[in-house]
Amino acid sequence: MKRFLVKFFGIAIIMIIIMVAILLIWGTVNDYRPSREIIVDIEGSTDIVDTIDTGDTLTFLSWNIGYGGLGSAMDFFYDGGNKVMPSEPYYQFCFSGIKDTLQQNREVDFIMLQEVDQCAKRSYGHNQVAAIAKVLPDHFHSFALNYNVSYVPVPMFRPMGRVVSGVMTLSKKKPVSSLRIAYPGSYSWPKRIFMLDRCFIISKYPLSNEKMLVVLNTHNSAFDKEGKLRKQEYGLIRKYMLREYEQGNYVVAGGDWNTNPTDFSPEDIVGDTVMKIHPPMDNDFMPEGWVWAIDHTTGTNREVKQAYIKGKTPVTIIDFFIMSPNIKLLGVTTREMGFVFSDHQPVLMKVVLL
């Protein structure tokens with residue numbers, strides 16, 4: 001009997017090693033490795049490209065929708081919680097709320113979304129890109145993958161499975177181009193084959209003065225405690241922003257930066273417990289004259305170790321806009337929604353082109 005047990009456990013261990021090896025080999029062979037720049041399809045109802053005039057007032061909305069799976073009742077295992085994915089009814093509740101919120105903001109000129117699933121186990125195979133485009137039929141849209149993994153094997157007994165997700169930019173005007181720009185840096189092997197391949201979308205809209213409005217939609221690295229990956233990413237997006245401005249263009253960059261802005265002050269957020277994300281952006285991230293559009297009074301993101309409780313769950317600010325000096329900020333507001341549909345809250349901004 002003892003020999004049988006030893007033999008049984010020995011075979012079981014060998015089988016586990018073989019399965020892990022097969023998973024790693026398969027994951028490495030199928031690892032998503034996008035080029036530095038990829039042309040992104042622009043979907044819409046017409047081929048007409050209208051120009052924007054200087055002096056026009058424009059509105060922007062940025063929102064990480066958390067794939068419809070991180071509403072206020074959720075916690076998440078990556079952040080120290082226990083849950084891997086929502087129940088299907090709760091997912092439907094959250095995503096319906098997300099669509100309703102976007103539909104209520106259908107007059108916004110530019111909508112920049114992050115964590116939009118195209119096909120993932122965590123969102124029950126629902127094509128969120130198509131669903132969002134359907135509720136905003138007057139907007140053109142571009143979508144770029146930043147998470148394309150056939151099988152995420154963690155946690156061991158409740159694996160995340162397939163994830164195809166990315167960033168999505170919608171606009172009332174049709175861009176002349178949209179590019180997916182891959183961020184540099186990555187995790188070490190084998191972790192990198194199951195993690196995100198970060199990127200930003202850069203979309204260009206013609207102006208009547210023959211310049212361009214350049215809109216950059218970013219989702220920077222999380223789970224990067226020392227900020228090494230984010231530092232490389234910020235260097236690249238900064239390069240693109242400065243280059244476009246030096247050409248006389250108008251530049252707006254926004255999204256989920258996954259760190260605090262340089263002048264973040266926890267005392268400005270009243271009625272909530274506040275957390276800091278280290279390291280914050282460098283003081284000299286952009287030259288003098290560039291405009292930071294931040295609502296300092298309201299948290300845009302919450303901790304996901306547990307379900308959200310107002311005043312107890314820590315919040316912070318990691319969603320905001322940065323603009324070139326030739327754009328005037330008229331106002332920026334974070335919509336207080338109690339994180340009911342996502343672990344982020346939408347940020348709305350109004351500007352005028354000078």
| Will you find, in the side chains of E233 and S221, an N or O donor that is under 3.5 Å from an N or O acceptor? | yes
| N146 side chain to E115 side chain, donor-acceptor N/O pair below 3.5 angstrom | no
| said: I want to check a possible cation-pi pair here: R238 against Y234, using under 6.0 Å from ring centre and within 45° of the ring axis as the test. | reply: no
| query | So do Y245 and V214 actually touch side chain to side chain, heavy atoms under 4.5 Å? | reply | no
| request: Assess the side chains of N258 and N220: does a donor N or O sit below 3.5 Å from an acceptor N or O? | output: no
| Do F77 and K305 pass the side-chain contact (heavy atoms from CB on, under 4.5 Å) test, and can you show the C-alpha distance, the side-chain angles, and the key distance before you say yes or no? | CA-CA 7 Å; F77 78 101; K305 287 183 180 179; over 6 Å; no
| field | ring-ring contact (aromatic ring centres under 6.0 Å, His included) involving F93 - partner list, sequence neighbours excluded | value | Y90, F341
| Do V108 and F140 share a hydrophobic cluster (ILVMFWY, side-chain heavy atoms under 4.5 Å, transitive)? | no
| request: Determine whether E43 and D41 make a side-chain contact, defined as any pair of heavy atoms from C-beta on separated by less than 4.5 Å. | output: yes
| Are any of the side-chain heavy atoms of F264 and T259 separated by less than 4.5 Å? | no
| remark: Sorted by chain and number, sequence neighbours left out, salt bridge (Lys or Arg N to Asp or Glu O under 4.0 Å) with K121 holds for none
| note | Closest non-hydrogen contact found for C199 with A182 is CB-CA, 4.3 Å
| said: Measuring centre to centre across the rings, with the benzene-like ring taken for any Trp, is H219 within less than 6.0 Å of F200? | reply: no
| Would you say the side chains of T54 and N209 form a donor-acceptor pair under 3.5 Å? | no
| Going by heavy atoms in the side chains, are E303 and D79 under 4.5 Å from each other? | no
| task | Before giving the answer on ring-ring contact (aromatic ring centres under 6.0 Å, His included), spell out for W290 and F285 the whole-Å C-alpha distance, their side-chain angles and the decisive distance to 0.1 Å. | result | CA-CA 10 Å; W290 283 71; F285 174 67; 8.9 Å; no
| N64 and Q114 side chains, donor-acceptor separation under 3.5 Å | no
| Minimum heavy-atom separation for V84 to F76, with atom names? | O-CE1, 3.5 Å
| task | Kindly say whether G125 contributes a backbone atom to a donor-acceptor pair with the side chain of S123 at under 3.5 angstrom? | result | no
| said: Quick one about T297 and D268 (side-chain donor to acceptor, distance below 3.5 Å, no hydrogens or angles considered), yes or no? | reply: no
| message | Side-chain heavy atoms nearer than 4.5 Å, only ILVMFWY residues, links allowed to pass through others: does that put M337 and V274 together? | response | no
| query | Is a side-chain N or O of R106 found less than 3.5 angstrom from the main chain of Q103, in a donor-acceptor match? | reply | yes
| message | According to side-chain hydrogen bond (donor to acceptor under 3.5 Å, both in side chains), does anything in residues 319-334 pair up with another residue at least two apart or in another chain? List the pairs. | response | T300-D319, D319-H344, S324-N326
| field | M275 with I317, same ILVMFWY side-chain cluster at under 4.5 Å | value | no
| Heavy-atom pair with the smallest gap, counting every atom of A222 and R230 | CA-NH1, 4.5 Å
| request: Would you kindly check if the NZ (Lys) or CZ (Arg) of R122 is within the cone defined by 45 degrees around the ring axis of Y67 and under 6.0 Å from the six-membered ring centre? | output: yes
| Between NZ on residue K99 and CG on residue L136, distance to nearest 0.5 Å | 11.0 Å
| request: Starting at CG of D75, measure out to OG1 of T313 and round the result to the nearest 0.5 Å. | output: 10.5 Å
| said: Please check: side-chain N/O of Y151 versus main-chain N/O of R162, any donor-acceptor pairing under 3.5 Å? | reply: no
| So, Q345 side chain and G338 main chain: donor-acceptor pair closer than 3.5 Å or not? | yes
| query | Going by an N to O cut-off under 4.0 Å, is there a salt bridge joining E107 and K172? | reply | yes
| Can you tell me if CG on L354 sees more than 12 non-hydrogen neighbours from other groups inside 6.0 Å? | yes
| Beyond-backbone contact of T57 with K350, side-chain heavy atoms, under 4.5 angstrom | yes
| Within a radius of less than 6.0 Å around CG of D53, do more than 12 heavy atoms belonging to other residues, nucleotides or ligands occur? | yes
| Step by step, would you call T51 with S208 a side-chain hydrogen bond (donor to acceptor under 3.5 Å, both in side chains)? | CA-CA 6 Å; T51 59; S208 56; 5.3 Å; no
| request: In sequence, state the C-alpha distance, the side-chain angles, and the governing distance for L216 and V251, and then conclude on side-chain contact (heavy atoms from CB on, under 4.5 Å). | output: CA-CA 8 Å; L216 301 93; V251 181; 3.6 Å; yes
| Under the side-chain contact (heavy atoms from CB on, under 4.5 Å) criterion, do F143 and L113 qualify, and how do the steps go? | CA-CA 9 Å; F143 174 76; L113 305 177; over 6 Å; no
| said: Q247: which residues meet the side chain to side chain donor-acceptor pair (under 3.5 Å) condition with it, sequence neighbours left out? | reply: none
| request: Without swapping roles, check the side chain of N301 against the backbone of D343 for a donor-acceptor pair under 3.5 Å. | output: yes
| task | Verify the cluster assignment for V304 and V163: are they in a single hydrophobic cluster under the rule of side-chain heavy atoms below 4.5 Å apart? | result | yes
| query | Any donor-acceptor pair under 3.5 Å linking the side chain of S178 with the backbone of S142? | reply | no
| said: Let me confirm one number: the OG1-CE distance from T218 to M241, rounded to the nearest 0.5 Å. | reply: 9.5 Å
| query | Salt bridge or not for K310 and D272, using N-O below 4.0 Å? | reply | yes
| request: Measure the shortest side-chain to side-chain distance between L145 and P34 over non-hydrogen atoms and say whether it is less than 4.5 angstrom. | output: no
| task | Taking the side chain as every heavy atom from C-beta outward, state whether M212 and V176 have any atom pair closer than 4.5 Å. | result | yes
| request: Begin from the C-alpha positions of W292 and M281 and carry the test side-chain contact (heavy atoms from CB on, under 4.5 Å) through to its verdict. | output: CA-CA 12 Å; W292 295 68; M281 277 188 163; 3.5 Å; yes
| request: Determine, using the 4.5 Å side-chain heavy-atom cutoff (strictly less than), whether M85 and V116 are members of one ILVMFWY cluster. | output: yes
| query | Hydrophobic clusters join Ile, Leu, Val, Met, Phe, Trp and Tyr when side-chain heavy atoms are under 4.5 Å apart, directly or via other members; which others share one with V167? | reply | I201
| message | So, taking the atom named CG in N148 and the one named CD in Q118, what distance separates them when rounded to the nearest 0.5 Å? | response | 9.0 Å
| said: Side-chain heavy atoms under 4.5 Å apart, restricted to Ile/Leu/Val/Met/Phe/Trp/Tyr: what other residues fall into the cluster of F60, or is it alone? | reply: I52, L58, F110, M112, Y205, L207, L213, V215, Y250, V252, V291, F321, M323, I327, L329, V332, V347, M349, V351, L353
| request: Keeping the roles fixed (side chain from D117, backbone from S165), state whether a donor-acceptor pair exists under 3.5 Å. | output: no
| task | Verify, without hydrogens or angle tests, whether N127 (side chain) and V129 (backbone) share a donor-acceptor contact under 3.5 angstrom. | result | yes
| task | Would you confirm whether T169, through its side chain, and H141, through its main-chain N or O, come within 3.5 Å as a donor-acceptor pair? | result | no
